[in-house]
J.: 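Take this structure, written in structure tokens, and hold onto it; I'll ask about it next.
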Amino acid sequence: MTSLLEVRDATKRFGGIVANEGVSLSVREGEIVGLIGPNGSGKTTLFNSIVGHHALDAGSIRFGGREITELRVPQIARLGLLRTFQQTRVFRGMTGIENMLASAPPEGTGLAVMFGRSQPREAARADDLLQFVGLYEKRHLRAGELSFGQQKLLEFAMALMRSPRMLLLDEPTAGINPTLINNLVDRLQRANAELGITLLVIEHNMPVIMRLARRLYCLAHGKILAEGAPEQVQRDPRVLEAYLGAA
Amino acid sequence: MSARGRGRILAALLLAATVAAPLVVPALTVQFATLWVMIILALTWDILGGQMGYNSFGNVVFFGVGMYASAIVQVGLFHDVGAYTAASGTGVYPFTPQQYYVGLALGILAAPIAAVAVAALLGTGMLGLRGHYFAIGTLGLGIAGGEFAASWEYVGGASGFLLPVFPGAYETRALFFYGLCAALGIVTFLVLRRLYAGRFGLALNAIRDDEDKAEALGHHTVRNKVLAWCVSAFFVGLAGAIFGNMNGLIEPREVAFSGATFGVWMVLMALLGGKGTLWGPVIGAIVFHVFKELFWTYLLGWQRVALGLLIVGIVLFFPLGLLGYARERWPSLFGRQAVEGAKR
Ligand SMILES: Nc1ncnc2c1ncn2[C@@H]1O[C@H](COP(=O)(O)OP(=O)(O)OP(=O)(O)O)[C@@H](O)[C@H]1O
Ligand SMILES: [Mg+2]
């Protein structure tokens, strides 16, 4: 099977810092792939490059067989490649429902569409997805009033709203209590299995990523250090050293 | 009673007051008409300032553009504009009543077109900027517009543009323009209410809360921002056309592009009432206008000081605006529904 996301030799520098250097990775349609690495190893930077947040210094990125290296954030999002943020970003002043409806921006750009009302089926889908992540009861609360963990769940539901082909999740379980974590992992697996959404997940929580991913990449100092089955990568002496060395 | 029911009653009362006001106190008809213009300015400032979180200090430009565009069309249809303004007020260029009304109608039609064109142009150039940079960029727009108009002899330069004279008695004239202002105010309110309740409202609020997130979700943010400014410009341009005619004389710096008066007032009114809400700017405009008129009548010489103190008072005691304050103080009066209802 061909890969859905293909990153080739991506290099990104910030002044003197080389955040990513010659990073290559590929994710096939329907896969769940993990991305691990010590703090500051360049994981978020790689996500930012993929979604068009900043330009690469070298390398290329393809999504769905299409060259997206030069595209900007909203364009890439509209192709069905969405990301969630490490710091969790929701529309804090808007209610849960409004957050969901705002996450399904209209496909068209005509005035009638942009000035139109949200469709009933969008509202129904918003309800379903809020139900799916367990936030239905809180749907009329402002997102800023939700707990941090609930905001993470909301952000995940928002990402699903547009039925993306692929999701990049930046530490989806960070700061969430263990019960909610199990919940979330279950939802991620179901999103993958039932909705067919391909996942690339940054995660520091080892048990979580071992459960989720069938393949792992490990970044250290901006370079891919190891790649393969989770158990194999976890036991790799270079990976252990990178984590211990960074500690 | 539900918040929605209360909103209905409030709307009905205001509508009754709208009809009754000029009949009960005919001497103040022009004042009431001006109040409607203020309401429109506050409502339309809030599209960007409140709903979208972009402070614009340049909306007064659309007011001036609408005024001049209308005037040029009204006169240009029947006379040479340059010669007309040069002969200012000498009565060499008369208008028949029919010419007056046809000109006015077409002028009022042209005003929003010109204003929207300017907004689209400025917006495409400036709305790629984020929040504060945009705000700073708009600071000079009013002054630039004023200086431009003041140096353009074709439209009367610094001495202004005298509009065709209304073919009727003073009272009729006042009522006529009051009707126009009130109708435009009500339409503006209803259109905005409708837009805020749909995708456009969601898109604006999303930009206000987190523009990066909106982009990450695939929003056409720049397009929405420019569109929002165009909606503002549309109604402000219309208001400018009507206000210019009601005023009779368009002064470039003091009336049309007056950043120090209308330009600042529209911001204050929205803040006073509660920005980011539908009713806030309306309430703010009413309270502000009443205070301002009282100051100008009873505190002559000190009116600007009093107005300044009022502004400080607003910022200190009502940082969320009157509506925001009331909501925090008496939440049961509004309830969750009201919070949503008012926002949309
Ligand atoms: N916009 C930026 N400007 C300058 N330096 C940056 C920028 N973004 C990231 N960096 C630097 O790039 C390096 C990699 O950062 P990045 O955020 O990608 O790490 P990470 O692997 O996501 O870490 P963590 O696990 O802590 O989230 C760091 O040294 C960081 O300081
Ligand atoms: Mg990170």
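Each chain gets a letter, A, B and so on, in the order the sequences are listed, and its residues count up from 1. Since the structure is predicted, the reported quantities are computational estimates derived from the model, not experimental observations.
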J.: So do the side chains of F91(A) and L202(B) get within less than 4.5 Å of each other, counting heavy atoms only?
T.: no
J.: Distance from R78(A) atom CZ to H220(B) atom NE2, nearest 0.5 Å?
T.: 3.5 Å
J.: I'd like to check R92(A) versus D210(B) (side-chain heavy atoms, cut-off strictly below 4.5 Å). Are they in contact?
T.: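 R92(A) does not reach D210(B) side chain to side chain.
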J.: Side chain, backbone, both or neither: which part of I76(A) has a non-hydrogen atom closer than 4.5 Å to chain B?
T.: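 Nothing of I76(A), per the 4.5 Å heavy-atom cut-off to chain B.
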J.: Which bit of Q119(A) comes within less than 4.5 Å of chain B, counting heavy atoms only: side chain, backbone, both or neither?
T.: both
J.: Where do F85(A) and D212(B) come nearest, in terms of heavy atoms and distance?
T.: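 Heavy-atom minimum between the residues: CZ-O, 4.4 Å.
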J.: Where is the tightest heavy-atom contact between K213(B) and R89(A), given as atom of each residue plus distance?
T.: CE-O, 3.1 Å
J.: Counting only heavy atoms closer than 4.5 Å, note whether Q75(A) contacts chain B via side chain, backbone, both or neither.
T.: neither
J.: Does R194(B) CZ have over 12 foreign heavy atoms under 6.0 Å away?
T.: yes
J.: Using a cut-off of 6.0 Å, state whether more than 12 heavy atoms not belonging to F14(A) lie near its atom CZ.
T.: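 Enclosed.
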J.: For T124(B), give me all partners under side-chain hydrogen bond (donor to acceptor under 3.5 Å, both in side chains), at least two apart in sequence or on another chain.
T.: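 Not a single residue meets the side-chain hydrogen bond (donor to acceptor under 3.5 Å, both in side chains) criterion with T124(B).
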J.: Within the structure provided, determine whether N99(A) and D209(B) are in side-chain contact (heavy-atom separation under 4.5 Å).
T.: no
J.: Around atom CZ of R187(A), are there more than 12 heavy atoms from other residues, nucleotides or ligands closer than 6.0 Å?
T.: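 More than 12 heavy atoms, drawn from other residues, nucleotides or ligands, come within 6.0 Å of this atom.
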J.: With a 4.5 angstrom heavy-atom cut-off, could you sort out which part of V73(A) is near chain B: side chain, backbone, both or neither?
T.: both
J.: Count the heavy-atom pairs under 4.5 Å between each of G218(B), A214(B), A203(B) and chain A, then report the option with the highest count.
T.: G218(B)
J.: Give the minimum heavy-atom separation between A102(A) and A206(B), together with the two atoms involved.
T.: CB-CB, 4.5 Å
J.: Taking CD in Q131(A) as the centre, count heavy atoms belonging to other residues, nucleotides or ligands within less than 6.0 Å. Is the count above 12?
T.: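 More than 12 heavy atoms, drawn from other residues, nucleotides or ligands, come within 6.0 Å of this atom.
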J.: Take atom OH of Y133(B) as the centre, draw a 6.0 Å sphere, and report whether it contains more than 12 heavy atoms from other residues, nucleotides or ligands.
T.: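 Check fails, neighbour count at 12 or below.
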J.: Whether the side chain of R199(B) engages the backbone of G116(A) through a donor-acceptor N/O pair (distance < 3.5 Å, no angle test) should be reported.
T.: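 No, the answer is negative, given that no donor and acceptor are paired below the 3.5 Å cut-off.
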J.: Sort M158(A) into side chain, backbone, both or neither according to what part of it lies under 4.5 angstrom from a heavy atom of chain B.
T.: both
J.: Got more than 12 heavy atoms from elsewhere within 6.0 Å of CZ, R8(A)?
T.: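 Result for CZ/R8(A): open.
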J.: Nearest 0.5 Å, what's the CG-CD distance between L217(B) and E155(A)?
T.: 8.5 Å
J.: From N205(B) CG over to L101(A) CG, what is the distance, rounded to the nearest 0.5 angstrom?
T.: 12.0 Å
